[in-house]
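First the proteins, then the strands, lettered A, B, ... as listed; each starts at 1.
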Amino acid sequence: MSQLQLIVNGESRLLEIPESRTLAEVLRYDLGLTGTKIGCEEAECGICTVLVDGVPVDSCIYPAFKAKGRHITTIEGLAHDGELHPLQHEFIRHGAVQCGFCTPGLIMTASALLNENDNPSEHDIKVALKDTYCRCTGYTSVVQAIQSAAADLRGDALLPVNEPTIDDPMDYVSRSVPPKGIEDRVTGKAKYTDDYVFEGMLYARTLRSRFPHARVLSIDTSAAKALAGVHAVLTHADVPGQNIHGLVHSDWPVLCGDVVRYMGDAVAIVAADTPEIAEAALKLIQVEYQPLPVVADPKYAHSSEAPVLHPHHATGNLLKHIKVRHGDIEQGFAEADYIVEREYRTPTTEHAFLEPECAIGVPVGYPNHEKLTVYVGSQIPYQDREQIANAMGLPREQVRVIGTLIGGGFGGKEDIAGQIHVAMLATVTGRPVKMLYTRQESLLFHPKRHATIIRIKTGATKDGKLTAVQAELYGDGGAYASLSDKVMTRATTHATGPYTVPHAKIDCYAMYTNNVPSGAFRGFGVTQSAFAVEQNIDILAGMIGIDPIEFRRINAQQVGVTTATGQVLRESVGMLETIDDVQRDMQAHHNGSGFQWTWHKGNKAYAWGIACAYKNTGLGGGAPDWSTAEVEAYEDGTVEVRTSSADMGQGLPHVLAQCAAEELKLPYERVRVLLSDTDLTPDGGPTTASRQTYMSGNAVRHAAVALREAMAQSAAEMMDVPPDQIYYEEGLLRQNGHQVPMGEVVGWMKQNGLAARVRHEYRAPETQPLGTGGDMHVAFSYATQAALVEVDVETGEVHVLKVVSSTDVGRAINPLMLQGQIEGGIVMALGNCLTESYIIEDGVPWSTLLARYKMPSIKHAPQIISHLVEEQVSSGPFGAKGVGEIPSINTSPAICNAIFNATGVRIFSLPVDQDALLRAIKAGQVEVYTAWHDVK
Amino acid sequence: MRLWNDYHTPTSIEEALQLLAHYQGRARLVAGGTDLLVEIREGRHAPQDALVDVTHIPEMTTHHQEADGTIWLGAAVTHSHIVQSALLTQAATCLVESCGVVGGPQVRNVGTIGGNVAHALPAGDGTTSLVALDATARVVLDGQEQWVPIEQMFKGPGQSLLDPTRDILIGFRFKASGTHEASAFKRIMRPQGVALPILGCAVWVRLTDGQIADARISIAPIGPTPARATVVEEALRGQPANPASIEQAIAVANEALHPRTSKYRATAPYRQEMIAVLLRRTLPLAIDRARTGQAIPEGIGA
C-alpha cells in the first residue's frame, strides 16, 4: 500500500492503495465513482475515458500512480450544482443515449474536444471520437448532440433535433418524449451490474477449457482450495440440481465434467476475497484432458466421418433440418427465362456490447434478501430464474432474478452466462459473489451470430417476375444449441426475401460443431440470408436488363400475397412505400442533374446499391407468445407499469410508459416503469424477435384500459354520474364540469377495498408451425436501404458515404428513439459487411481480443437519412410492429450491390476484403469468393 | 489481473537507472504503456515486479531545435505533442503525419515516440518516419550513454537493441528539414483485425534546381526490421522532380522490394501494389512541400 494524492473533480483525495492500480480501478472501486465504465482493458473501446489535466486518456490502462497530483475529471464532475452540462442535456435531447454504457466515455471525450474547439466540424468530432465506441446509436445523433452542445456553450441557439416525420401523433404516443431514467445515464449515476457492491462480497472467476474438444479425465482443485483468500472452488460434482441448461434445447453443462466441446466451456469456478486471488486460484486447478478430434466446419459436421458431439441428440450433429416447401420448384425454374445460382458465405460475428457480462449472486438470508437472488443484466429474466432453479435443484419460487441495467445486448445476453455460477458460489460461501467477465472472456464465451454457407438459385421471367427460389443453407451452430433452431428457421423462412415467389424449396442444416456456440443476434438469421437473396436479385436484374429498383417493385410483397410459408398477408405491408421513399432520396441526392447509379472521380469510383428486407415481429411459428404486465395507480396521482421485459438500450420503458399514458391520458412524467424483477414484475417473455413493443406494449395497453375502466367506475360512484360519461384528461377524471384527480379516485378505491391495479396477460394471435401453412407470424416489418459507396480503385478501400433507409414500422411510438434504433442497426450492419469477423481456426478463436475484432467507429459512420412508413398492424399497440432488428438486415447486400455497381466486382463472402477486391479490379475478375479472414 | 506491483516515476535518468538496477531484471521501463500494458494483459509479457515510468524525466519529455539546427526529440514525448508541434510540422512533416494516425486521441495523448521505437515493430508508424529522417537515437546501453543510428536499433520483430530491464532510450536527434527539403508519410490500413498498417511509407527529399538532389525512403513492413529503401533512393538521386522519375523509381522498387504475405493483414501481391500507390502519393507531396516551403500535414486523426 502506498499513498496517492489525486484531485478528482476538483476535490483533493488522499488514498492508501496498492501501486498496481489502474486509474479506472481507483475511480470505480476505491472512490466509488462508477460512472467511469470499463469496456475492454485494451485501450481499444475508449468508454473508460477520463480527463487527466484536461487531456482524455483511457483510464483502464492508465496506471493510477502516473496521475500522482494531477486533476482528474470524470463524468460525475461534469454537472455543476445539479445543472447538467450542455453535452449531457444535448445527448438526451438528440436521442444520443441508448444503453448508456458508453455514454460517459463519449461525453468525456467530447468535453475535451469542446474545451479546445468551440465550433467543431463533423470531421473534428470524428477525429476526436475515433477511438470512443458506441454500439447502439450509430453515431449520427452523437455528432448532432456535440455540435448542439458547442452552440450552447458559445451562447448560440441549440441545433434542431432531427426527428422523423410521422403520420398521426396522439397525445403521448408518437411523441419523442425523453426515455425513462435517461438523466442517470448521462451523469454516471446509472447502475449496471458491476456497479453494485454488497458488504462482504466475494469475487469469482471461471476456469475454461484448454481445448475445443476433449475428454476431461480428472480435475484436481486441492491446491486452489488451499490458497489463502479462496472461499470456494466448485466443479461439475458440486452442481446441486441438473448440470445442464439451455433456452430451446437443454444441452449445455453448467460445469463440464466429462467432455468439453468448445474453448469457452466452464470447468471450474472460484470465489475469493479479490479478483486477483480468484485469478491466481484458477492457475492452481489441475485438469487432465484427452484431446478429441475437432469438428470445425458445419459441412464436415454433417458428414459421416465427423465425430458426434452430442450422442443423446437423435439426429447427431444435425441440430435441425429446416424446410420450406412452396409450390413446385421444378415448374418454377421451368417458367424462368433467367436463372442465377451462387454461393455466399458469412462469418461468425460478435455482439461486442460494451458492457461485458456480469452477475452477482446473493444468498438466502443475506440482509434484505429472503431468497437466493441473482442480479444480472439479462434479456430473459424469467428464463434465467428457471434455469438457475433447475441447476440449483430449487423450486423456481425460491429464486429471484433482479434485472439490472444492460449495457447493450443485441441478442447476446439471452443465454446463461454467470447466473448459475454465482448462485452456486453464493449458496456455498453464504456471501454475495460477483462474477464479472473480462472483455477477452466475453469474446471467448458467449454465443455469436451464425457463420453461414448459403447456396441460392433464383429464377425470373424476362418480364421481371420471380418464379422460384431454391436454397441450401448451412448454419454453424457451434458447441451448444442456444437459439440455433429458431435463428436458422428465420434464415430459412426469410430466404425468398420480401417478394412474391410462387415456388420455393429451401433446406437449412443447423449443425453442431466445436466452434463457439451461435445464438441470437439482431437480425436473427435474416441478416445472413438477405446478404445472399438481395445480391442474387441484383444479378438477375442485370441479366434481364431491368432496373434493380423496378425489379424489386414488380415482385414486392403486397397485401393479398401468400408467402413461401403459406401465410396470406392481409394488412400492414409497406414494402412499396419504403422503396418509393428511398428512390426519391437517391434521386434528390443528384439535385436534379439526373440520377446515376455510378460515376468516377479521380481514383475513386462511386455507386449506389439497394436492398430490401422484411422481418417478423414476435416468436411465431406456433410458439405461444404472451406477455404479462401490471399497471397500478397511486394516490399521489402516479402510475407504475411493471413487467419483466428488458431494456437493453432500445428504450422499452418509454414505449410502455407512452402506451399507459395514452390510455390513461396521464402526463408521461407521472408514469413510472419497473422492469425485470421476477418477484415484483410479471413475465414479459424474452426480449428478442423484435417483440417487446408489440407484446408488452399490448399487455400494458390492455392493462391500462382495464384500469381506466375500473377507475372510471369508482369516479362515477364518487361523483354519482354514469360511468360512460367519465373521460380522462391530464390526470383528471372529468364529467360535465365536474372533475376529480386520479389520485383521489385511487384513495377512494382503497378505502372501499378496491385495488387500483390491473394485471393483463396479453396473448398474441395464434401462429402456425412452419410446414403447416397459415399465419406463421403476427406481423412483418419492411425496409429498403440504399448505400452510396466510394471505392478507391487504387487501394480497394471501401467507404460508405451515405445510407438512405425507409422502414415500415406500423407506428412509431417514440419517433426519435425509434430513429436511433434504425441508425444504430445500420451502422452495426455496416460492421457486419466491412469490418467484423470473429475468426476461429480448428475450434480455437483468434479473435480473443477486442483489438482483433473491429466494430465500426465514428469514422465509419455514414450520413444516414431514415424515413418511416406507418402501415399499421391492427393487432399491434396503436398499430406498431417490431423495429429492433430490421435495420440490421439489408445494409450488407446494399453495400455489396453498390460495390459491384462501382467496380464490376461482386463480393460473395463477408467481410469485404479490400485486398481481394483490388486484385479482382486489376485482374478484371468479376467474382470474389474470399473474405478478409481468408488472407492466410 | 495485476500487471505490475510497484510503480515508480523517477525524475532523472540516473534515478531510473538506479531503480532498474535495484530490481535486477524484475523491473521494466514504461512510458505511455499503451502497447506494453496491453501486451502484459494479453500474456505476451509476464506481469512485472515494477514499472519505471520515464515520463517525468524532463529531458525525455521535451523537444527543441539545437544551435546547430538539429532537432532533439525526447523519447517520452507523446504522439499528441509531436502532432501539435509547430517546429516538427515544418522540420519533420512525415513524423507529424505518422504520429497523427496512431490510435485515437486517448492513445496518442499517452503513447510516446520512444515507446513506438522500443516496441520495435517492423512497421511502427513513428519509427518509419524516424528512419526516413535518418535519426540517431541517444541511449544508455550496457551502462554506456551513446548514439545509435536508428536503423541499428532493431534486432528483429518486436526486439530492439535495448534491454528494457537495463537500458534506456533517451531520445532522438535528426536534421531539421531546411530550405528545399521536405518529407511526407502515408499508410494503408484495413478496417478489420489488428491496427497495424498494411504498408506505411515515409519519404524525405532535397531538391536542387528542379532535381532530386537527395532522397530517403522508408517503406514498412518489408523486412523484419525497419530499413531504408536505398535502391529506390538511388534511383531518384539526380533525377528531375517529375512524374516520370517517380514512375522509374517505382519500377525499381517493384524489382527490389518484396513484401510478404501476413496472415489476416495483407497478401504479398496487394502490398506490392501498395508500394507503387504510396510512392505515387508521398513523393509528389514531399516534392511539392520542398518546392513551396509549405508543409500542411495530411490525414491527422484519420
Side-chain angles (χ1 to χ4, degrees), chain A residues 2 18-20 22 41-43 46 49 52 55-58 61-66 68 109 112-113 123 126-132 275-276 279 438 440 794-798 834-837 839 846 849 851-854 856-857 859-860 911 913-916 918-919 922 932-933 935-936, chain B residues 1-9 30 32-38 40-43 47-48 50-51 53 55-56 78 80 100 103-111 188-196 198 261-267 269-271 273-274 276-278 280-281 300-302:
Chain A
S2 302
E19 292 179 18
S20 59
T22 64
E41 298 180 290
E42 296 178 29
T49 300
V52 176
V55 172
V57 304
D58 291 318
I61 59 143
Y62 196 94
F65 280 73
K66 191 183 186 69
K68 199 162 33 174
T109 313
L113 170 68
H123 174 76
K126 287 189 167 185
V127 167
L129 270 70
K130 180 194 165 209
D131 266 8
T132 311
E276 289 79 16
E279 176 90 25
T438 62
Q440 299 71 34
E794 291 174 357
T795 64
E797 291 168 289
V798 176
L834 296 181
T835 72
E836 299 181 32
S837 174
I839 300 182
W846 178 80
L849 301 167
R852 292 178 176 184
Y853 191 87
K854 285 281 186 288
S857 78
K859 73 171 184 174
H860 296 102
D913 177 22
Q914 69 194 43
D915 190 315
L918 181 79
R919 285 180 285 123
K922 294 269 171 194
W932 158 59
H933 46 252
V935 178
K936 295 283 156 66
Chain B
M1 181 178 167
R2 189 171 287 194
L3 308 184
W4 67 87
N5 287 322
D6 304 344
Y7 198 86
H8 298 279
T9 48
V30 66
T34 50
D35 282 326
L36 176 66
L37 302 185
V38 171
I40 297 176
R41 201 180 291 283
E42 288 168 18
Q48 302 292 307
L51 292 178
D53 179 336
T55 62
H56 293 67
T78 65
S80 289
Q106 294 96 324
V107 166
R108 292 199 293 275
N109 287 339
V110 175
I188 303 291
M189 294 290 281
R190 61 160 65 247
Q192 307 98 352
V194 291
L196 292 171
I198 287 177
T261 294
S262 315
K263 200 172 179 182
Y264 304 145
R265 235 159 106 207
T267 62
Y270 183 78
R271 276 192 166 135
E273 195 74 49
M274 289 309 104
V277 168
L278 286 172
R280 221 170 265 139
R281 290 180 181 183
I300 301 299

Residue part contacting chain B, namely of [X], when any heavy atom lies under 4.5 Å:
X	value
A:A851	backbone
A:L113	neither
A:E276	side chain

Problem - Engaged part of B:T55 at the chain A interface, taking heavy atoms whose separation is under 4.5 Å - result: side chain
Exercise for the section: Using non-hydrogen atoms and a 4.5 Å limit, figure out which bit of B:T267 sits close to chain A: side chain, backbone, both or neither. Expected result: both
With chain B as the partner, which of [options] has the greatest number of non-hydrogen pairs under 4.5 Å?
options	result
A:Q440, A:E41, A:K126	A:E41
A:L918, A:T795, A:T835	A:T795
A:H123, A:E42, A:K854	A:K854
A:A916, A:G46, A:P275, A:P63	A:P63

Practice task
Calculate, to the nearest 0.5 Å, the distance between atoms CZ and OG1 belonging to B:R41 and A:T22 respectively.
Solution key: 7.0 Å
Which of [options] touches chain A most, by non-hydrogen pairs under 4.5 Å:
options	answer
B:R2, B:R190, B:M274	B:R190
B:L37, B:N109, B:I188	B:N109
B:G104, B:G301, B:G193	B:G193
B:R280, B:R265, B:E273	B:E273

Exercise for the section: With the side chain counted from C-beta on, respond yes when A:E836 and A:P911 share a heavy-atom pair under 4.5 Å apart, and no when they do not. Expected result: no
Practice task
With the side chain counted from C-beta on, respond yes when B:L51 and B:D6 share a heavy-atom pair under 4.5 Å apart, and no when they do not.
Solution key: no
Exercise for the section: Give a yes or no on whether a salt bridge exists between B:R271 and A:D915, defined as a side-chain N under 4.0 angstrom from a carboxylate O. Expected result: no
Exercise for the section: Apply side-chain contact (heavy atoms from CB on, under 4.5 Å) to B:D53 and A:K68, showing your working. Expected result: CA-CA 12 Å; B:D53 179 336; A:K68 199 162 33 174; over 6 Å; no
